[in-house]
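Everything quoted here is computed from the prediction, not taken from an experiment.
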Amino acid sequence: MNIKLTTPAAVAAALAGLMTAAPALAAEYVQAPGSVLVFATKYDGEVFTGSFPGFDTRLSFDPAKLDGSHLEVTIPLAGAKSGNSDRDSTLQGADFFNVGKFAQAKYSASRFRALGNNQFAADGTLELRGVSKPVTLTFTWTPGAQPVLTGKATVKRLDFGVGGGDWADTKTIPNETAISTKVVLKAK
């Protein structure tokens, strides 16, 4: 196809047509200070919580055009802190995170759904201990100069081999672990 653009109006019309055909790019964000990623579960009926300091989030997001959105989170597992040094060293060991072999977990999502009232769902994949499984993160989006993503998910630890062996008994440690996050963002 050979189109001759002989007048400035024809060139402008052609450019306008190309611009409307191209998908709009989502805004690019990186994690800012003040962000947290925490987990909660039970051990022998007693609730305990922990955090993953040093996690890193990259987000492309436009709440009006979800098709171009993408989320990447990298979680260094050796830094997991639960307020108990014995438990923390157990978490790093072969029965749980096995940080000697699997230093980090990764979560990525490229399918987003609007749930209404600034609520969204990111249908993604968590890679943990060499296993990849679907995990949905539901979150609230608070726009602004430094937008905030506040989210939660449930991870079934046994699906990833976390807490195997003697720790596989769900009466001692439930299979479901609650994950919550508050990610403060800044433009990339």
Side-chain angles (χ1 to χ4, degrees), residues 26-33 35-43 48-62 66-82 87-113 115 119-141 147-170 172-186 188:
E28 299 284 327
Y29 300 102
V30 294
Q31 184 176 311
S35 300
V36 294
L37 177 62
V38 298
F39 63 92
T41 191
K42 293 180 182 179
Y43 175 71
F48 73 92
T49 62
S51 65
F52 294 102
F55 75 105
D56 180 61
T57 306
R58 302 196 179 277
L59 176 68
S60 297
F61 188 71
D62 182 341
L66 297 176
D67 286 347
S69 296
H70 189 78
L71 173 64
E72 291 283 338
V73 183
T74 304
I75 307 156
L77 298 172
K81 302 285 182 225
S82 70
R87 183 170 43 227
D88 293 348
S89 65
T90 300
L91 286 174
Q92 293 177 19
D95 286 336
F96 285 87
F97 295 142
N98 195 1
V99 299
K101 188 172 180 183
F102 305 103
Q104 61 188 17
K106 289 187 178 184
Y107 179 77
S108 61
S110 56
R111 183 171 175 262
F112 288 71
R113 297 177 281 129
L115 304 176
Q119 301 279 320
F120 300 89
D123 297 314
T125 301
L126 176 64
E127 182 183 330
L128 175 62
R129 289 181 50 107
V131 177
S132 296
K133 296 279 184 181
V135 172
T136 296
L137 173 72
T138 57
F139 65 94
T140 301
W141 177 254
V148 177
L149 180 153
T150 306
K152 60 184 177 179
T154 300
V155 173
K156 293 185 177 184
R157 67 180 180 89
L158 295 175
D159 288 356
F160 298 93
V162 174
D166 293 339
W167 302 103
D169 183 2
T170 57
T172 304
I173 303 172
N175 190 24
E176 292 80 16
T177 300
I179 308 294
S180 61
T181 189
K182 176 184 175 188
V183 184
V184 180
L185 299 156
K186 61 183 179 181
K188 185 174 176 183

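Looking at every heavy atom in both residues, Phe52 comes nearest to Ala80 through CE2-CB, 3.8 Å. Of all heavy-atom pairs between Leu128 and Leu77, the closest is CD1-CD1, 3.8 Å. Between Gly68 and Ser60, the shortest heavy-atom distance links the atoms O-CB, 4.1 Å. Val162 and Leu158 get closest at one heavy-atom pair: O-CD2, 3.8 Å. The nearest pair of heavy atoms linking Arg157 to Pro174 is NE-O, 2.9 Å. The minimum heavy-atom distance linking Thr136 with Ala153 is given by the pair O-CB, 3.4 Å.
Side chain of His70 to backbone of Ala109: a donor-acceptor contact under 3.5 angstrom is found. No side-chain donor-acceptor contact under 3.5 Å links Thr140 to the backbone of Gln119. Listed for the Asn175 side chain is no donor-acceptor partner under 3.5 Å among the backbone atoms of Thr170. Using a distance-only test at 3.5 Å, with no hydrogens or angles considered, no donor-acceptor pair links the side chain of Arg58 to the main chain of Thr74.
Listed by chain and number, the residues in a ring-ring contact (aromatic ring centres under 6.0 Å, His included) with Phe112 are Phe61 (sequence neighbours excluded). Taking the side-chain contact (heavy atoms from CB on, under 4.5 Å) definition, one finds that Val38 meets it with Ser51, Ser180, sequence neighbours left out. Every residue meeting the side-chain contact (heavy atoms from CB on, under 4.5 Å) condition with Thr154, not counting sequence neighbours, appears here in chain and number order: Glu176. For Gln92, there are no side-chain hydrogen bond (donor to acceptor under 3.5 Å, both in side chains) partners, not counting sequence neighbours. In this structure, Thr125 has no side-chain hydrogen bond (donor to acceptor under 3.5 Å, both in side chains) partners at least two apart in sequence or on a different chain.
The distance from the NZ atom of Lys42 to the OG1 atom of Thr172 is 13.0 Å, given to the nearest 0.5 Å. Rounding to the nearest 0.5 Å gives a distance of 10.0 Å between CZ of Phe139 and OG1 of Thr150. Note that CH2 of Trp141 is 9.5 Å distant from CG of Asp62, once rounded to the nearest 0.5 Å. Summarising the geometry, atom CD belonging to Gln31 is positioned 8.5 Å from atom CG belonging to Leu37; distances are rounded to the nearest 0.5 Å. Distance CG/Asp67 to CZ/Arg111: 10.5 Å, rounded to 0.5 Å. Atoms NZ and CG, from Lys182 and Leu149 in turn, are 11.5 Å apart once rounded to the nearest 0.5 Å.
You'll find the side chain of Phe39 stays beyond 4.5 Å of the side chain of Val155, heavy atoms only.
Heavy-atom contacts from other residues, nucleotides or ligands closer than 6.0 Å to CG of Asp123 number more than 12. Enclosure of atom CG in Asp166 is not indicated, since only 12 or fewer non-hydrogen atoms of other residues, nucleotides or ligands lie within 6.0 angstrom.
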Determine all donor-acceptor pairs shorter than 3.5 Å in which one atom belongs to a side chain in residues 96-108; sequence neighbours excluded.
{"from": "Tyr107", "atom 1": "OH", "to": "Ala122", "atom 2": "O", "distance (Å)": "3.0"}
{"from": "Tyr107", "atom 1": "OH", "to": "Gly124", "atom 2": "N", "distance (Å)": "3.2"}
{"from": "Tyr107", "atom 1": "OH", "to": "Val135", "atom 2": "O", "distance (Å)": "2.9"}

Practice task
Please report the C-alpha distance between Ile173 and Thr41 in whole Å, then the side-chain angles of each, then the deciding distance to 0.1 Å, and finally whether the side-chain contact (heavy atoms from CB on, under 4.5 Å) criterion is met.
Solution key: CA-CA 7 Å; Ile173 303 172; Thr41 191; 4.0 Å; yes
Exercise for the section: Please test Thr90 against Asp95 for side-chain contact (heavy atoms from CB on, under 4.5 Å), starting from the C-alpha separation and ending with a verdict. Expected result: CA-CA 8 Å; Thr90 300; Asp95 286 336; over 6 Å; no
Exercise for the section: Any chance you could lay out the side-chain contact (heavy atoms from CB on, under 4.5 Å) test for Tyr29 and Val183, step after step, and finish with the verdict? Expected result: CA-CA 11 Å; Tyr29 300 102; Val183 184; over 6 Å; no
Practice task
For side-chain contact (heavy atoms from CB on, under 4.5 Å), just list the numbers for Leu137 and Ile179, CA-CA rounded to whole Å, side-chain angles, deciding distance to a tenth of an Å, and then say yes or no.
Solution key: CA-CA 9 Å; Leu137 173 72; Ile179 308 294; over 6 Å; no
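A cation-pi arrangement is found for Arg87 relative to Phe48, the charged atom lying closer than 6.0 Å to the ring centre and inside a 45° cone about the ring normal.
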